[in-house]
S.K.: 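Encoded as structure tokens, here's the structure I'll be asking about.
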Amino acid sequence: MSIFQSLSISGSALTTQRLRLDVVSSNIANANTTRGEFVNGEWVPYRRKMVEVSQGNAPSFANYLQKELTGVRATRIVEDQTPFKAVYDPTNPDSNEQGYVFMPNVDITKEMVDMMSASRAYEANVTAFNAGKAMLVKALEIGR
């Protein structure tokens, strides 16, 4: 294991958690957006997005033998396919003929839990990064 590999692993996790926080904040900001995209001649509400996270490098047989740690990375951002919520509001300009407005599939409670999870993971990786940096500094001081 390289001396800087622990810093690289923590750095990849920090980048991934920051992206998760960005996606969660976008979801919260669009929780009431009834005009997300224009599809097939009509407006579709905003659809919740999620980040898929996987191991940093493609796992190979050599990595397993050498027990190399590679960090994490965001593979893609996917849309949640749960159905939209229908709310009765005939005064809304986006309501259909029956008076229902389709609201985004964003659950604020779920988003807050995701935000807290990503925030705690970010904090933990900052702590691990700082511990690794402190160990490297102490190792450099041995030669004095």
Side-chain angles (χ1 to χ4, degrees), residues 1-89 91-96 100-144:
M1 182 170 175
S2 163
I3 193 166
F4 296 106
Q5 193 167 7
S6 66
L7 299 179
S8 175
I9 291 169
S10 292
S12 70
L14 289 171
T15 302
T16 302
Q17 297 307 326
R18 184 188 52 80
L19 177 62
R20 282 186 61 208
L21 285 168
D22 289 346
V23 169
V24 166
S25 65
S26 175
N27 288 341
I28 291 172
N30 289 295
N32 294 316
T33 304
T34 57
R35 294 185 183 189
E37 296 184 71
F38 196 68
V39 178
N40 296 332
E42 62 183 38
W43 286 102
V44 178
Y46 176 83
R47 193 171 285 279
R48 177 178 184 253
K49 293 175 179 41
M50 301 173 295
V51 177
E52 283 188 0
V53 179
S54 69
Q55 183 177 348
N57 296 335
S60 68
F61 187 66
N63 286 351
Y64 286 119
L65 287 179
Q66 297 169 359
K67 297 186 178 176
E68 276 189 37
L69 304 174
T70 57
V72 296
R73 67 182 171 96
T75 53
R76 63 186 178 142
I77 297 174
V78 296
E79 291 185 343
D80 187 357
Q81 296 301 316
T82 58
F84 297 118
K85 301 173 220 164
V87 176
Y88 184 72
D89 184 6
T91 61
N92 191 314
D94 294 329
S95 62
N96 61 12
Y100 286 95
V101 178
F102 289 99
M103 300 299 288
N105 58 352
V106 176
D107 181 8
I108 296 295
T109 306
K110 190 184 293 186
E111 297 304 319
M112 293 302 289
V113 170
D114 285 350
M115 182 179 64
M116 288 172 37
S117 169
S119 178
R120 297 288 187 248
Y122 190 92
E123 290 172 7
N125 281 292
V126 166
T127 302
F129 186 88
N130 287 335
K133 187 171 72 171
M135 283 189 275
L136 288 173
V137 168
K138 290 294 183 185
L140 290 172
E141 289 176 1
I142 291 174
R144 288 187 188 188

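Values reported hereafter were calculated over all heavy atoms of this structure, with side chains retained and with hydrogens, waters and symmetry mates removed.
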S.K.: Using modelled atom types only, decide if a donor and an acceptor are shared between the side chain of Ser95 and the backbone of Thr91 within a distance under 3.5 Å.
M.R.: no
S.K.: For the residue pair Asn27 and Val106, what are the closest heavy atoms and their distance?
M.R.: O-CG1, 3.5 Å
S.K.: Would you please name every residue forming a side-chain hydrogen bond (donor to acceptor under 3.5 Å, both in side chains) with Thr34, sequence neighbours left out?
M.R.: Asp94
S.K.: So does Val101 get a backbone contact from the side chain of Asn92, meaning a donor-acceptor N/O pair under 3.5 Å?
M.R.: no
S.K.: Tell me the side chain to side chain donor-acceptor pair (under 3.5 Å) pairs involving residues 113-131, sequence neighbours left out?
M.R.: Arg48-Asp114
S.K.: Could you check whether any side-chain N or O of Arg47 sits under 3.5 Å from a backbone N or O of Asp80, counting only pairs where one atom can act as donor and the other as acceptor?
M.R.: yes
S.K.: If you take all heavy atoms of Ala29 and Thr33, which pair is closest and at what distance?
M.R.: O-OG1, 4.3 Å
S.K.: To the nearest 0.5 Å, how far apart are CG in Asn32 and CE in Met103?
M.R.: 4.5 Å
S.K.: Which is it for Asp107 and Thr82 under the side chain to side chain contact (heavy atoms under 4.5 Å, CB included) test, yes or no, and what are the steps along the way?
M.R.: CA-CA 11 Å; Asp107 181 8; Thr82 58; over 6 Å; no
S.K.: Can you confirm whether Phe84 is buried at CZ, in the sense that more than 12 heavy atoms of other residues, nucleotides or ligands lie under 6.0 Å from that atom?
M.R.: yes
S.K.: Count the heavy atoms belonging to other residues, nucleotides or ligands that lie under 6.0 Å from NZ of Lys85, then report whether that count exceeds 12.
M.R.: yes
S.K.: Measure across Gln17 and Ala121 and return the closest heavy-atom pair with its distance rounded to 0.1 Å.
M.R.: CD-CB, 3.6 Å
S.K.: Drop me the distance from Lys138's NZ to Ile142's CD1, to the nearest 0.5 angstrom.
M.R.: 10.0 Å
S.K.: The criterion is side-chain hydrogen bond (donor to acceptor under 3.5 Å, both in side chains); which residues satisfy it with Glu52, sequence neighbours excluded?
M.R.: Arg76
S.K.: Compare every heavy atom of Leu21 with every heavy atom of Met115, then report the nearest pair and how far apart it is.
M.R.: O-CD2, 3.7 Å
S.K.: Report the C-alpha separation of Thr15 and Arg73 in whole Å, then their side-chain angles, then the decisive distance to 0.1 Å, and conclude whether the side chain to side chain contact (heavy atoms under 4.5 Å, CB included) test is met.
M.R.: CA-CA 8 Å; Thr15 302; Arg73 67 182 171 96; over 6 Å; no
S.K.: How close do Ala86 and Phe102 get, counting heavy atoms only, and between which atoms?
M.R.: CB-CE2, 3.9 Å
S.K.: Measuring from Arg20:CZ to Met50:CE, what's the distance to the nearest 0.5 Å?
M.R.: 11.5 Å
S.K.: Should Asp22 and Val51 count as side-chain neighbours, where that means a heavy-atom distance under 4.5 Å?
M.R.: no
S.K.: Under the 3.5 angstrom rule, does the side chain of Ser12 hit a backbone N or O of Ile9 as a donor-acceptor pair?
M.R.: yes
S.K.: Roughly how far, to the nearest 0.5 Å, is CE of Met135 from CG of Leu140?
M.R.: 13.0 Å
S.K.: Of the non-hydrogen atoms in Thr75 and Val53, which two are nearest, and what is the gap between them?
M.R.: OG1-N, 4.4 Å
